[in-house]
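Values below: all heavy atoms of this structure, side chains included; hydrogens, waters and symmetry mates excluded. Keep in mind that what you see is a predicted model, and the values were worked out from it rather than measured.
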Amino acid sequence: MKKSILYTGGGDRGTTSLVGGDRVSKTHPRLEAYGTLDELNSFIGWLVAEVNDPATLEILERIQNSLFTVGAYLANGAENAESHITQDTIRDIEEAIDRIDGNLPRMKGFVLPGGCRSAALAHVCRTVCRRAERMIYRLADAAPVAPSVLTYMNRLSDLFFAIARNECRLENKEEIIWKNTRL
């Protein structure tokens with residue numbers, strides 16, 4: 001089988017093809033949404049390189065695969081596209097949050113990003129996930145988006161917060177608590 005080339009030139013004029021062949025502007029909300037998911041997935045890959053906990057690594061691998069599924073769904077402009085994000089998928093995320101949170105101390109205040117490298121990266125994932133969620137909502141203003149996708153993204157950012165706190169615990173590092181001071 002012949003190796004495919006990485007570039008086609010098809011997007012050189014500011015448009016790209018969706019699944020199914022429709023061409024849209026590279027600034028289309030659909031591309032902003034699944035492009036931000038791709039960015040999130042890349043940051044998760046970086047987080048994976050920093051995490052040592054096998055349970056967290058297993059969760060992150062499942063999330064990376066799910067995000068590809070969501071990205072493929074968003075890249076499909078057809079109104080009858082199936083998201084493949086089910087209530088079971090959402091329940092898995094909720095159970096992971098509950099499992100991680102059950103090992104964490106009670107919060108003493110608002111947690112600032114940081115504490116250790118892996119926690120800081122989990123916070124980056126959380127904030128990129130929130131942006132992806134906003135982009136998907138923007139798309140939902142113009143085109144149908146499965147409610148399960150929106151719920152999944154909302155739970156996912158909560159999971160990254162729990163992972164960040166747990167990474168500080170696992171690394172025996174103190175969380176950084178916000179001090180309301182004036183500059």
| query | Is T89 reaching over with its side chain to a backbone N or O of T86, donor-acceptor style, under 3.5 angstrom? | reply | yes
| field | Hydrophobic cluster membership, L170 vs I176, 4.5 Å side-chain cutoff | value | no
| request: State yes or no: do I59 and W46 share one hydrophobic cluster built from I, L, V, M, F, W and Y residues joined by side-chain heavy-atom distances below 4.5 Å, directly or via other members? | output: yes
| request: Would you check if the side chain of R30 reaches a backbone N or O of L74 as a donor-acceptor pair within less than 3.5 Å? | output: yes
| Looking at R165, R126, R130, which hits salt bridge (Lys or Arg N to Asp or Glu O under 4.0 Å) with D158? | R130
| Closest heavy-atom contact between P113 and H123? | CA-CD2, 3.4 Å
| task | Mark yes when over 12 heavy atoms from residues, nucleotides or ligands other than E174 sit less than 6.0 Å from its CD; otherwise mark no. | result | no
| message | Nearest 0.5 angstrom please: E167 CD to L47 CG, how far? | response | 6.5 Å
| task | Please round to the nearest 0.5 Å and tell me the distance separating atom OG of S66 and atom CG of D92. | result | 8.5 Å
| task | Look up atom CG in N52 and atom CD in E171, then write down how far apart they are to the nearest 0.5 Å. | result | 6.0 Å
| request: Considering non-hydrogen atoms only, spot the tightest contact between A96 and L159 and give its length. | output: CB-CD1, 4.0 Å
| query | With a 4.5 Å limit on heavy-atom distance, are the side chains of L40 and T36 in contact? | reply | no
| Over 12 foreign heavy atoms within 6.0 Å of CD, E94 | yes
| field | Side-chain donor-acceptor contact under 3.5 Å, N65 with R62 | value | no
| message | Would you compute the distance between atom CG of L37 and atom CD of E133 and round it to the nearest 0.5 angstrom? | response | 11.0 Å
| If you take all heavy atoms of C129 and L156, which pair is closest and at what distance? | SG-CB, 3.8 Å
| Flag, side chain of Y152 to backbone of V70, donor-acceptor distance under 3.5 Å | no
| note | Shortest non-hydrogen pair, G114 vs A119, comes out as O-CB, 3.4 Å
| task | State plainly whether one hydrophobic cluster holds both L112 and F110, where clusters connect Ile, Leu, Val, Met, Phe, Trp and Tyr through side-chain heavy atoms under 4.5 angstrom apart. | result | yes
| field | Path from M135 to F160 over hydrophobic side-chain contacts below 4.5 Å | value | no
| query | Quick one: do R138 and D141 make a salt bridge, cutoff under 4.0 Å? | reply | no
| query | Is I136 linked to F68 within one hydrophobic cluster, defined over Ile, Leu, Val, Met, Phe, Trp and Tyr using a side-chain heavy-atom separation of less than 4.5 Å? | reply | no
| Looking at K173 and C116, what are the two nearest heavy atoms and their distance? | CG-CB, 3.8 Å
| Closest approach of R155 to I90 (non-hydrogen atoms, all atoms of both residues) | CG-CG2, 4.1 Å
| remark: Interatomic distance, CG@N166 vs CD1@I100, rounded to 0.5 Å, equals 5.5 Å
| Atom OG in S148, atom CE in M153: separation rounded to 0.5 Å? | 12.0 Å
| query | Is the closest side-chain heavy-atom distance between V111 and F161 below 4.5 Å? | reply | yes
